[in-house]
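Have a look at the structure below before the remarks.
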Amino acid sequence: MNQEKIREKFPMLKNDIIFLDSGALVQKPIQVINAINDFYTKYSISNRTSDSELGIIVGQKIDKTRKMTADLLECSEEEIMFNSGTTEGLNYCAQLFSQLINEDDEILISKFNHSSNMIPWIEIAKEKKAKIIFSDDIINDINSKTKIIAYAQKNNSFNIQINAKELFEKAKKYYAFIINDAAQAISHEKVSAKYCDAIAFSSNKFFGPTGLGILYVSKNILAKVSAKKYGGGAIDYINKIGNWKAKNSIVKHEPGTLNLAGIFGFYEAIIFFNSLDKKWMKEYLFDLSSYAYDKLSSLDNVKIVSCKGDSIILFEIKNSTSQDVASYLGHNNVYVRSGLFCAQYLNHIIENSLVRISLHIYNNKQDIDKLIEVLKRGGDFLDFI
Ligand SMILES: Cc1ncc(COP(=O)(O)O)c(C=O)c1O
């Protein structure tokens, strides 16, 4: 499949927009959109209505999707939980792992983390009287007190490369647990359960629908902790005086009706992702990102703070606030982000807030040319021409 063919699969890009914001939301190919439509038009029955043909089909779709997700992450389906997104996954993860945290343990948090992989741990640390360590060199900072290492395999801002195997080996030497926020990595790189104890990501960042998330937690951990969400579908029995027992399977972590349409869409997203040539994808994005870097660098007063080849490009324009730039672009059909990108700790790392463009395989050089053209046109009030 060449790039043009891939781009054609994304109906949203047929509108008159230049979409440079895949860090926030990854566009959906038509097969994902059709699958969501199929659920509501042909299969809209709860999997709990399992004494019916359609209820069984929906249940089987959940099982198959769980298995395909497990294959993607190189783990077992009994380690995969569905939820609403990375943020919920990380919050739940903090609730599970908190059962293994003791007073004075250290929770090592990368300074570049999204707030969703920071605040849940800060709150758990308060509860458990543990200590938060903000780190810009997590491998180096692991020590005998470290219990949790919360990091992102790929950040939504700066491209900080962390060797997952090296991190895992050092963490295990100290009996520490690794939580991998894979929201950004999942559609760009191999994400594997082999090198961590938990992984959270959103279907939304993986060509799939919004409102569905995936959390992997290793069997070892699941055997030691109890579920922290309660309700229908997750319990085995309740007696007259209210003593109850959770089901003895992964569904005990998924009370309530799941996002069924989301699962139908996500199933197709996995098929789409598996069909992509990963080597081509990496090279294509590197070349496109380098092209964008060169074009942006050629503009006076633009200062890029990312490296050439990064698919997330952060920059500022002298004498203009990042929000003014993003707002000007956004009102000219060029979609970018500005500010701190929900990674508020960056405030202590960078001097000025930044504009972010984030590219994916459906983007092309024309998108970049259009960005540059619109930026140049804005020179009158963006002070860079
Ligand atoms: C690195 C990272 N972690 C977590 C999140 C939160 O994801 P969600 O909003 O889908 O819960 C994001 C979203 O941008 C992200 O980029």
Side-chain angles (χ1 to χ4, degrees), residues 19-28 32 69 73 81-95 108-123 134-136 138 148-162 164 167 178-191 196 198-217 229 258-259 262-263 265-266 269 273 285 306 310-314 326 335-347 349-350 353-360:
F19 182 74
L20 303 174
D21 193 21
S22 295
L25 175 152
V26 172
Q27 291 298 336
K28 326 304 176 196
V32 168
T69 312
L73 300 182
M81 292 160 253
F82 293 116
N83 52 46
S84 66
T86 314
T87 301
E88 193 199 334
L90 290 167
N91 272 275
Y92 190 63
C93 197
Q95 292 297 325
L108 198 55
I109 299 183
S110 162
K111 287 183 182 174
F112 297 93
N113 275 6
H114 191 279
S115 298
S116 294
N117 200 18
M118 204 174 255
I119 311 299
W121 299 111
I122 293 174
E123 289 305 300
F134 296 104
S135 168
D136 41 27
I138 51 169
I148 301 284
I149 301 150
Y151 90 115
Q153 186 172 328
K154 178 172 161 60
N155 292 300
N156 67 341
S157 54
F158 292 93
N159 181 6
I160 310 287
Q161 293 291 326
I162 289 169
L167 172 66
I178 301 174
I179 316 302
N180 180 1
D181 169 358
Q184 294 296 328
I186 193 69
S187 71
H188 287 270
E189 302 169 3
K190 181 73 201 156
V191 174
C196 57
I199 299 170
F201 73 92
S202 303
S203 143
N204 175 41
K205 301 280 206 298
F206 185 75
F207 305 103
T210 55
L212 178 71
I214 284 80
L215 176 65
Y216 151 82
V217 175
K229 283 192 277 189
L258 289 174
N259 180 350
I263 288 174
F266 179 58
F273 182 77
L285 267 175
S306 304
D310 292 350
S311 64
I312 291 184
I313 305 176
L314 306 174
Y335 288 78
V336 302
R337 277 285 293 270
S338 70
L340 298 169
F341 331 115
C342 301
Q344 274 79 5
Y345 201 88
L346 285 182
N347 217 4
I349 298 173
I350 56 178
S353 75
L354 299 163
V355 183
R356 177 182 82 180
I357 67 169
S358 44
L359 303 172
H360 223 311

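Residues: numbered from 1 along the sequence shown. In listed order, ligands and their atoms are each counted from 1.
Each of Leu73, Asp181, Val26, Ile199 was checked for a side chain to side chain contact (heavy atoms under 4.5 Å, CB included) with Ile186, and the lone residue meeting it is Leu73.
The aromatic rings of Tyr335 and Phe19 sit tilted relative to each other, their planes meeting at an angle between 30° and 60°. Classified by interplanar angle (parallel below 30°, tilted 30° to 60°, perpendicular above 60°), the ring pair Phe273/Phe206 is tilted.
Under the 4.5 Å side-chain criterion, counting only non-hydrogen atoms from C-beta, Ser116 is not in contact with Thr86. For the pair Ile109 and Asn117, the minimum side-chain heavy-atom distance is 4.5 Å or more. Contact annotation: the side chain of Phe266 approaches that of Ile214 to within less than 4.5 Å [non-hydrogen atoms, C-beta and beyond].
A distance limit of 4.0 angstrom between heavy atoms and ligand 1 selects the residues Gly23, Thr86, Thr87, His114, Asn156, Asp181, Ala183, Gln184, Ser202, Lys205.
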